[in-house]
*Asks:* 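Got a structure for you, written out below as structure tokens; questions coming shortly.
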2 protein chains.
Amino acid sequence: MTSDNIQKEECDYLESYNAKDFDRPSTSVDNVIYTIINNALHVLIVKRSNHPFKDQWALVGGFVDLNTDNNLEMTAKRKLKEKTGVNTPYLEQFSTIGNKDRDPRGWSVTTVYFALLPSENITLNVGKGANDIKWAKIDNGKISETLAFDHSEILRECTQRLRSKALYTSLPLYLMPEKFTLHELQEVYHAVLSSKMDPKSFRRRMLTTDLLEETAEMRQTGRRPAMLYRVKNDQPFFFTRTIEGI
Amino acid sequence: MTSDNIQKEECDYLESYNAKDFDRPSTSVDNVIYTIINNALHVLIVKRSNHPFKDQWALVGGFVDLNTDNNLEMTAKRKLKEKTGVNTPYLEQFSTIGNKDRDPRGWSVTTVYFALLPSENITLNVGKGANDIKWAKIDNGKISETLAFDHSEILRECTQRLRSKALYTSLPLYLMPEKFTLHELQEVYHAVLSSKMDPKSFRRRMLTTDLLEETAEMRQTGRRPAMLYRVKNDQPFFFTRTIEGI
DNA sequence: AGAATAGTGTCTTTCAGACATTATCTT
DNA sequence: AAGATAATGTCTGAAAGACACTATTCT
């Protein structure tokens, strides 16, 4: 058969193809949206206003809308913008969970993204499908609320991933406001890692790369003023060695 | 409203819920199955016997079967077993691609897994939906065949991921036969990385961890015989520093 | 002996760990 | 001066890089 014939055949096939002929799992996206508040890691959760799991807390997510979303990442960004009013500076696909038991309505697939945001300039908005929204504090990798579906497990695994990445990447930089001191940055690493690091090792690591640049300003704290830095290069950086907590 | 009432309400909701009421993307799984043949990295591809992309090469994949597959990983393992006759010693979820353009039939989501297998004991089988199957040699991150859908790009990105993981993990061990020499293991690392490593550094790294154990045998090569090793601990190992190519 | 492959000795380099010390500010 | 926070000096240690060297086999 010639290649032209195959193309003709494929057109005929596509015309007669009916997307509803086969059973398909439902497809959603969930976001684990992290920020830092009062030196502690927090995650954004919403209270569901619809069944199933009505009135329970859940991650920020929703079904893919085949009409408005060109791809999965657009679904993630749409939900994130709807709830926070901002575009996230960092969004990474974490993992996809699909099985027949996670949703009482049947076979369901969710693609989980995680986002890192500075907490300034965010105005929380309950948006569609929710009647409450809040930042939940992460303590020892867990929050006090029980989440809908398998979201508690997703949150635990995602936070574990963020933690292990903080040992060899600059990802926590995406949680920082525009200007910050090295000490403040180290506190954010501590919040993510749940462990402390040697200040000399930490500063050496941050300053020998080309990640930061000094501003002309100092943070006036009432004690010795601290140099304010800003991010110079907004690509994530991967160190060749991991750093240890204390 | 009491919690009992919510539960009752949820039951009513689920009874009236019809899974076909909303448009859903099609959901598939694709496997990037790697092995080593003649000291070169290869990937398993099949020739499609159905539209779309009929008679073109593609990764080993297929739609999720909601009746037989309890979760996404089962779909991946089912297709892998169907084509190779074996269960893979290593399977990792790589990434999920979902958009409206990747499949001419419309919005489609695929979850990509990658597998690492020793090439022994494999009997290739065309299985369903294919009329040919073969190992394609990966040269500089690419194969000579053009793949269906977005599979060429998926393969490129997945191979890049495997490469970067080889710099700080023991993953290439899953490509080895039961017994192997350190030199053979290093050759496999070279095939994955497309670059050479210092033999002293490589051996030191492999032997100071608890990954391998000596067998009582030597490989007779016609020159100085080499010690044969086997894997002692089959968990993947993460080194705290990356190794450099030459 | 010479070639080929296996494997080692050892010095250098890099960067983190440890921890004492100095610097700059306020009260 | 005392106290608090910011920042550095400097020694040690772990593991990789570089590369010359030895070991074991076959012809």
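Below, read A as the first sequence line, B as the second, and so on, with proteins coming before strands; counting in each chain starts at 1.
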*Asks:* Is B:Arg205 near enough to D:dA16 that one of its side-chain N or O atoms lies under 4.0 angstrom from OP1 or OP2?
*Replies:* yes
*Asks:* Looking at DNA chain C, which of residues 160-189 of chain B put a heavy atom within less than 4.0 Å of it?
*Replies:* B:His183
*Asks:* Distance check, rounded to the nearest 0.5 Å: B:Thr110 atom OG1 versus B:Ile97 atom CD1?
*Replies:* 6.5 Å
*Asks:* Starting the side chain at C-beta, find the nucleotide from D:dG17, C:dG17, C:dG7 nearest to B:Met227.
*Replies:* C:dG7
*Asks:* Any idea which of C:dA18, D:dG17, D:dA7 is nearest the A:Ser201 side chain?
*Replies:* C:dA18
*Asks:* Please check if the number of heavy atoms outside A:Lys142 that lie under 6.0 Å from its NZ is greater than 12.
*Replies:* no
*Asks:* Can you tell me how far P of C:dC11 sits from CG of B:Asp198, to the nearest Å?
*Replies:* 16 Å
*Asks:* Nearest to the side chain of A:Arg223 - C:dC19, C:dT10, D:dA4?
*Replies:* D:dA4
*Asks:* Find the distance A:Lys200:NZ to C:dA16:P and express it as a whole number of Å.
*Replies:* 12 Å
*Asks:* Please tabulate, for side-chain N and O atoms in residues 165-174 of chain B, each donor-acceptor pair with protein atoms closer than 3.5 Å (sequence neighbours left out).
*Replies:*
residue	atom	partner	partner atom	Å
B:Lys165	NZ	B:Glu92	OE1	3.1
B:Lys165	NZ	B:Glu92	OE2	3.0
B:Thr169	OG1	B:Lys165	O	2.6
B:Thr169	OG1	B:Leu171	N	3.2
B:Ser170	OG	B:Phe237	N	2.8
B:Tyr174	OH	B:Asp234	O	2.6

*Asks:* Report yes if a side-chain nitrogen or oxygen of B:Arg241 is closer than 4.0 Å to either non-bridging phosphate oxygen (OP1 or OP2) of D:dA14; otherwise report no.
*Replies:* no
*Asks:* Taking atom P of D:dA18 as reference, at what distance in whole Å does atom NZ of B:Lys196 sit?
*Replies:* 15 Å
*Asks:* A:Thr221 has a side chain; which of D:dA6, C:dC19, D:dA23 sits nearest to it?
*Replies:* D:dA6
*Asks:* Examine C:dG7: is either OP1 or OP2 under 4.0 Å from a nitrogen or oxygen in the side chain of B:Arg203? Give yes or no.
*Replies:* yes
*Asks:* With nearest nucleotides of DNA chain C determined for A:Thr242 and B:Tyr229 from heavy-atom distances, which residue corresponds to the more 5′ nucleotide?
*Replies:* B:Tyr229
*Asks:* In sequence, state the C-alpha distance, the side-chain angles, and the governing distance for A:Arg102 and A:Ser108, and then conclude on side chain to side chain donor-acceptor pair (under 3.5 Å).
*Replies:* CA-CA 7 Å; A:Arg102 59 182 302 278; A:Ser108 138; 2.6 Å; yes
*Asks:* Between A:Arg204 and A:Pro225, which is nearer to the 5' end of DNA chain C once each is assigned its nearest nucleotide?
*Replies:* A:Arg204
*Asks:* Rounded to the Å, how far apart are A:Arg224 CZ and C:dT27 P?
*Replies:* 18 Å
*Asks:* Might you point out which heavy atoms bring A:Glu214 and A:Arg230 nearest each other, and give the distance in Å?
*Replies:* O-NH1, 4.4 Å
*Asks:* Can you tell me how far P of C:dC19 sits from CE of A:Met197, to the nearest Å?
*Replies:* 17 Å
*Asks:* Start at the 5' end of DNA chain D and walk down; is the nucleotide closest to A:Leu207 or to B:Gln220 reached first?
*Replies:* A:Leu207
*Asks:* Relative to the ring of A:Tyr189, is the ring of A:Phe202 parallel (under 30°), tilted (30 to 60°) or perpendicular (over 60°)?
*Replies:* perpendicular
*Asks:* Take atom CZ of B:Phe239 and atom P of D:dA16, then tell me their distance rounded to the nearest Å.
*Replies:* 8 Å
*Asks:* Is there a side-chain contact between B:Glu157 and B:Phe94 in this structure, where contact means two heavy atoms from C-beta onward sitting under 4.5 Å apart?
*Replies:* yes
*Asks:* CZ of B:Phe202 versus C1' of D:dG17: gap in Å, rounded?
*Replies:* 15 Å
*Asks:* Would you say B:Ser119's side chain and B:Ile36's backbone share a donor-acceptor pair under 3.5 angstrom?
*Replies:* yes
*Asks:* Send over the distance from B:Ile243 CD1 to C:dT13 C1', rounded to a whole Å.
*Replies:* 15 Å
